[in-house]
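Working notes, structure below.
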Amino acid sequence: RREKMTANLKLRHQVTKAIRDYLNQADFIDVETPYLTKSTPEGARDFLVPSRVFKNQFYALPQSPQMLKQLLMGAGLERYYQIVRCFRDEDLRGDRQPEFTQVDLEMSFVSEEDVRNLVEGMLKAVVKASKGIELTEAFPIISYAQAMRRFGSDKPDTRIGMELHDVSSVFAQSGFKLFSSAANTEGQFVKAINVKGAGTWPRSQVDKLAEVAAGFGAKGLAWVAFKEDGSVGGPITKFFSPEELETLRAEMSAEPKDLILFAVGGRLETDEILGGMRLHMARVLEVPREGHDFLWVVNFPLFHWDEETQSYASEHMPFTQPNEDQIDLLDTDPLSIGSHTYDFVMDGFEAGGGGMRIHNADLQLRILEKLGFTKERAEAQFGFLMEALTYGAPPMGGFALGLDRVCMLLAGADSIRDVMAFPKTTSGSDLMSAAPSPVTDDQLKEVSLRTL
């Protein structure tokens, strides 16, 4: 009954219609994949469904149709898509729901650029159909490494400025030992952002930012303020020579009223601290974000190191094609391997992602073994895919677009719940139908279960 919600649902309809029209005209075939499938490790907990017929065995609701669309490519369907429900049993927040919708597509005999170009055309059609805006320029493309180095995030909102700068060389000879030590140590950096207008804040207000930075992993927060009267403020300025301050001013394009925030440590550490502070300061200062910000982030690492499990983990997923010229590094330096991956970033949110797929069974097994799978476990969990690859599979690539999130951003809403007809609460419950709810003992007995 609320006009805003009606408008949001109409917008969602326009978005989905534009997607179907675009893909249908591009010779895609809409294929439904099953909701009752096999439990596989894909990064989140599965929703499990007990089987009445197969006692003590379970189906899983799909986190995504990833492996199934690869099988469709091997079966000769060159262009597949569906607008599909996915399910993940993970801790919820404002922009997360236990069930969500993604636009899933896959293409055979294509390059990474082919997939990106098609998806970009689809997204431009969506914006035109839903907002009446004609997008004519190509979406910018930056690498994962550039995104982290410049913005401290792999999903940057480029509208808010405050890019990260490596100022290590400025302080290589500094009397401030924290900075000079990092500047002269391999793998350590001094990085900074320029917060326009915050140089007028009183020191007590700036000092409170250290608590915010601690939430992003900082042990403290060094800062320098360029005052309106031309002076320079901050507790660490006494350690710097006039030449160092002038070089800093030039490097950061600092003007009167600007506040420079620093982070010291390894590259990932400094990027995450300043990336977090960048977003915090943009919110506090209400930095204007006009229009929409579209961006491709490409070439993600193939692996990252999981400190909790002390093992390699996939950055995107286990079926991602590594960069061909780096495959030989699998046994010597896995963390340096890049991949044929691409994320679509909209207004600072990861709104979709995809990549080229491994279509060689031997390489797929090598990747799974690097992720800690034995050959037997790989066969047990992914045997149907491994077998399909041995029959000969085409080069293929795909993409999954978060439909709820794109609709949220186009609607100017604060949560994906605002563009869903029947959303769950942040705790995952449905207040209308009172789900989840108890079931009878007879129902449990039929599926060989009992409650604790």
Side-chain angles (χ1 to χ4, degrees), residues 143-154 156 161-282 305 307 333 335-336:
S143 69
Y144 167 85
Q146 286 177 310
M148 294 301 295
R149 184 171 66 249
R150 292 174 56 191
F151 304 104
S153 171
D154 60 2
M162 285 188 279
E163 291 195 21
L164 281 61
H165 289 250
D166 182 353
V167 293
S168 303
S169 61
V170 176
F171 301 106
Q173 307 301 321
S174 177
F176 189 42
K177 296 303 181 186
L178 178 65
F179 282 13
S180 60
S181 176
N184 290 286
T185 302
E186 185 176 357
Q188 295 289 298
F189 301 86
V190 183
K191 299 191 75 170
I193 58 172
N194 183 354
V195 185
K196 294 287 183 182
T200 59
W201 286 10
R203 177 170 175 173
S204 58
Q205 187 176 2
V206 178
D207 284 342
K208 290 179 181 178
L209 293 176
E211 299 175 14
V212 179
F216 303 119
K219 298 179 178 65
L221 186 67
W223 56 273
V224 168
F226 289 89
K227 302 293 187 179
E228 290 184 82
D229 60 7
S231 63
V232 181
I236 64 173
T237 54
K238 61 187 176 183
F239 298 105
F240 301 143
S241 67
E243 291 77 19
E244 285 173 327
L245 290 171
E246 189 55 41
T247 304
L248 176 66
R249 187 196 303 268
E251 171 65 29
M252 301 301 298
S253 301
E255 301 173 324
K257 302 184 183 181
D258 289 353
L259 177 69
I260 311 300
L261 302 179
F262 298 93
V264 180
R267 182 173 295 282
L268 182 60
E269 179 184 4
T270 54
D271 287 348
E272 289 183 346
I273 292 168
L274 291 180
M277 292 305 299
R278 176 177 176 268
L279 293 177
H280 173 80
M281 297 306 291
W305 182 255
E307 290 290 345
D333 191 9
L335 295 179
S336 68

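Hydrogens, waters and symmetry mates are skipped; everything else that's a heavy atom, side chains included, is used.
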| field | Heavy-atom check, side chain of Ile236 versus side chain of Phe179, under 4.5 Å | value | yes

| query | Mind checking whether Glu272 and Phe216 have side chains closer than 4.5 Å, heavy atoms only? | reply | no

| said: Is the ring pair Phe171/Phe262 parallel, tilted or perpendicular, if the boundaries are 30 and 60 degrees? | reply: perpendicular

| Non-hydrogen side-chain atoms of Arg150 and Pro156 separated by less than 4.5 Å | no

| query | Roughly how far, to the nearest 0.5 Å, is CD1 of Ile260 from CH2 of Trp223? | reply | 12.0 Å

| So which of Val170, Leu248, Leu245 actually passes side-chain contact (heavy atoms from CB on, under 4.5 Å) with Phe240? | Leu245

| task | Look at the rings of Phe239 and Phe176 and say which category their plane angle falls in: under 30° parallel, 30 to 60° tilted, over 60° perpendicular. | result | parallel

| said: Please check if the number of heavy atoms outside Gln173 that lie under 6.0 Å from its CD is greater than 12. | reply: no

| remark: d(Met148 CE, Leu268 CG) to nearest 0.5 Å is 5.5 Å

| Can you name the closest pair of heavy atoms from Trp305 and Leu335 and give their distance? | N-CD2, 3.9 Å

| message | Is the shortest side-chain heavy-atom distance between Val212 and Met281 below 4.5 Å? | response | no

| Got a second to check how far Ile193's CD1 is from His165's NE2, nearest 0.5 Å? | 10.0 Å

| query | Can any side-chain N or O of Ser168 pair as donor or acceptor with the backbone N or O of Val190 at less than 3.5 Å? | reply | yes

| field | Heavy-atom check, side chain of Gln188 versus side chain of Ser181, under 4.5 Å | value | no

| field | Interatomic distance, Met277 atom CE to Leu164 atom CG [nearest 0.5 angstrom] | value | 11.5 Å

| Judged by atom type as modelled, is there a donor-acceptor pair below 3.5 Å linking the side chain of Thr247 to the main-chain atoms of Glu243? | yes

| task | Count the heavy atoms of every other residue, nucleotide or ligand shown that sit under 6.0 Å from NZ of Lys257, and state whether that count exceeds 12. | result | no

| Do Asp258 and Lys196 touch side chain to side chain, with heavy atoms closer than 4.5 Å? | yes

| said: Rounded to the nearest 0.5 Å, what separates atom CD1 in Ile273 from atom NZ in Lys219? | reply: 7.5 Å

| said: I want to check something: taking the side chain as every heavy atom from C-beta on, are Val195 and Val206 in contact at a cut-off of under 4.5 Å? | reply: no

| note | On a heavy-atom basis, the closest approach of Ser180 and Ala172 is CB-O, 3.9 Å

| Passing candidate, salt bridge (Lys or Arg N to Asp or Glu O under 4.0 Å) with Asp271, options Arg278, Arg149, Lys191 | Lys191

| task | Please round to the nearest 0.5 Å and tell me the distance separating atom CG of Asn184 and atom OG of Ser169. | result | 10.5 Å

| said: Tell me the closest heavy-atom pair linking Leu274 and Ala192, and the distance in Å. | reply: CD1-N, 3.4 Å

| request: Please report the shortest heavy-atom distance between Thr270 and Gly265, naming the atom on each side. | output: CG2-N, 3.3 Å

| Greater than 12 external heavy atoms within 6.0 Å of Lys208's NZ | no

